Amino acid sequence: GRAPPCLAARIELVRAEGRADLRVFVPGAGRGHDARAWAAAGFDVTALDIAPTAIAEGRALDAQAGIAMRWVQADLFDLPPAERGAYDLVWEQTCFCALDPARRDDYVRAVAAVLRPGGRYFGVLWDTGREGGPPYRVTPADVGTHFGGAFEIEALEPVPAWTTARWDELAVALRLRATARRSDPR
């Protein structure tokens with residue numbers, strides 16, 4: 001029902017860099033709690049989800065909070081051309097781990113495609129510690145295997161738990177490589 005505390009810390013780090021004008025893309029946004037946190041901090045935000053119910057609920061929450069942001073109902077793997085190369089930053093929390101592992105490289109191509117050259121990807125990925133899913137386990141090695149070709153890994157570290165029961169999430173900070181192939185993810 002809210003954005004995680006680690007997101008507030010990430011937003012403050014981005015603001016400290018003096019880049020409040022960034023366009024932020026949030027794939028798998030659900031009802032938009034994380035996207036709303038970026039928008040409330042003054043960023044130009046686009047939230048994407050495939051589920052019309054999630055988007056309708058997200059828009060209602062936006063209205064209650066007095067937040068303006070853009071919503072796109074689409075499949076991340078079949079984005080409208082206008083979304084390609086349009087964003088400075090991608091933020092996601094547990095979207096990657098919700099996808100079948102066979103689609104992980106497709107996911108990386110899709111998020112690389114929405115980013116402008118040198119764009120950044122910040123994520124919270126769940127290392128469930130178990131096989132099967134969803135959600136599917138994401139280890140530090142998985143991050144290198146799937147993101148390492150298109151992205152430079154700037155940081156990969158455990159997220160401090162906001163409850164004492166969870167120490168199994170990874171904070172990831174990546175930068176799109178200049179040589180990354182920005183092709184259609186389909």
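On a predicted model such as this, the values are computed, not experimentally measured, just so you know.
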Quiz item: Between CG of Leu156 and CG of Leu170, what distance do you get to the nearest 0.5 Å?
Solution: 5.5 Å
Self-check item: Trp71 versus Gly58, closest heavy-atom pair with distance
Solution: CZ2-CA, 3.6 Å
Practice problem: Examine Leu61 and Met69 and state if one hydrophobic cluster contains both, with Ile, Leu, Val, Met, Phe, Trp and Tyr joined whenever side-chain heavy atoms are less than 4.5 Å apart. | Solution: no
Practice problem: Kindly say whether Thr94 contributes a backbone atom to a donor-acceptor pair with the side chain of Glu92 at under 3.5 angstrom? | Solution: yes
Quiz item: So do Phe77 and Leu99 actually touch side chain to side chain, heavy atoms under 4.5 Å?
Solution: yes
Quiz item: Side chains of Thr46 and Tyr87: does their closest heavy-atom pair fall under 4.5 Å?
Solution: yes
Exercise. Using a strict 4.0 Å threshold on nitrogen-to-oxygen distance, state whether Asp34 and Arg36 make a salt bridge.
Key: no
Quiz prompt | Spacing of Leu13 atom CG and Arg19 atom CZ [to the nearest 0.5 Å] | solution = 15.0 Å
Quiz item: Does Ile153 reach the side chain of Tyr121, with side-chain heavy atoms less than 4.5 Å apart?
Solution: no
Quiz prompt | Atom of Tyr107, atom of Pro27 and distance for their closest heavy-atom approach | solution = OH-CG, 4.1 Å
Practice problem: Taking all heavy atoms of Arg137 and all of Asp142, pick out the closest pair and write down the distance. | Solution: O-OD2, 3.6 Å
Practice problem: Just jot down the side-chain hydrogen bond (donor to acceptor under 3.5 Å, both in side chains) partners of Asp105, sequence neighbours excluded, or say none. | Solution: His146
Self-check item: side-chain contact (heavy atoms from CB on, under 4.5 Å) between His33 and Gln93, intermediate numbers included
Solution: CA-CA 10 Å; His33 302 298; Gln93 181 182 0; over 6 Å; no
Exercise. Using a strict 4.0 Å threshold on nitrogen-to-oxygen distance, state whether Asp106 and Arg109 make a salt bridge.
Key: yes
Quiz item: Can you name the one residue among Val14, Asp44, Ile67 that meets side chain to side chain contact (heavy atoms under 4.5 Å, CB included) with Trp38?
Solution: Val14
Quiz prompt | Donor-acceptor pair, side chain of Asp49 and main chain of Gly30, under 3.5 angstrom | solution = yes
Quiz item: Can you find a heavy atom in the side chain of Glu154 that is under 4.5 Å from one in the side chain of Arg120?
Solution: yes
Practice problem: With rounding to the nearest 0.5 Å, note down the distance linking CG in Asp75 to CD1 in Ile50. | Solution: 4.0 Å
Exercise. Flag the pair Phe122 / Leu7 as yes when at least one side-chain heavy-atom distance between them is below 4.5 Å, and no otherwise.
Key: no
Practice problem: Check for a donor-acceptor pair, side chain of Arg175 on one end and backbone N or O of Glu152 on the other, with a separation under 3.5 Å. | Solution: no
Quiz prompt | Other residues, nucleotides, ligands: >12 heavy atoms within 6.0 Å of Glu17 CD | solution = yes
Quiz item: Out of curiosity, Leu115 CG to Asp88 CG, how far, rounded to the nearest 0.5 Å?
Solution: 8.0 Å
Quiz item: Could Arg70 and Glu83 be called an ion pair, given the rule that one side-chain N must be under 4.0 Å from one carboxylate O?
Solution: yes
Exercise. Take Thr128 and Tyr136 through the test side-chain hydrogen bond (donor to acceptor under 3.5 Å, both in side chains) and record every step on the way to the result.
Key: CA-CA 7 Å; Thr128 64; Tyr136 297 93; over 6 Å; no
Exercise. Could you tell me whether a side-chain N or O of Arg177 sits under 3.5 Å from a main-chain N or O of Phe151, the two making a donor and an acceptor?
Key: yes
Quiz item: What pair of heavy atoms forms the shortest contact from Pro140 to Asp127, and how long is it?
Solution: CD-OD2, 4.4 Å
Practice problem: Taking the side chain as every heavy atom from C-beta outward, state whether Val114 and Leu79 have any pair of such atoms under 4.5 Å apart. | Solution: yes
Self-check item: Ala39 to Val45 - nearest heavy-atom pair and separation
Solution: N-CG2, 3.5 Å
Practice problem: Quick one: pull up CZ in Arg104 and SG in Cys97 and give me the separation to the nearest 0.5 Å. | Solution: 8.0 Å
Quiz item: Short question: side chain of Arg116, backbone of Arg84 - any donor-acceptor pair under 3.5 Å?
Solution: no
Quiz prompt | Gap separating the CZ atom of Arg31 from the OG1 atom of Thr53, nearest 0.5 angstrom | solution = 11.0 Å
Quiz item: Of all heavy-atom pairs between Ala47 and Ala29, which one has the smallest distance, and what is that distance?
Solution: CB-CB, 3.7 Å
Self-check item: Lys NZ or Arg CZ of Arg23 over Phe43 ring: under 6.0 Å, within 45°
Solution: no
Quiz item: Residues in salt bridge (charged side-chain N to carboxylate O under 4.0 Å, His left out) with Glu12, at least two apart?
Solution: Arg15
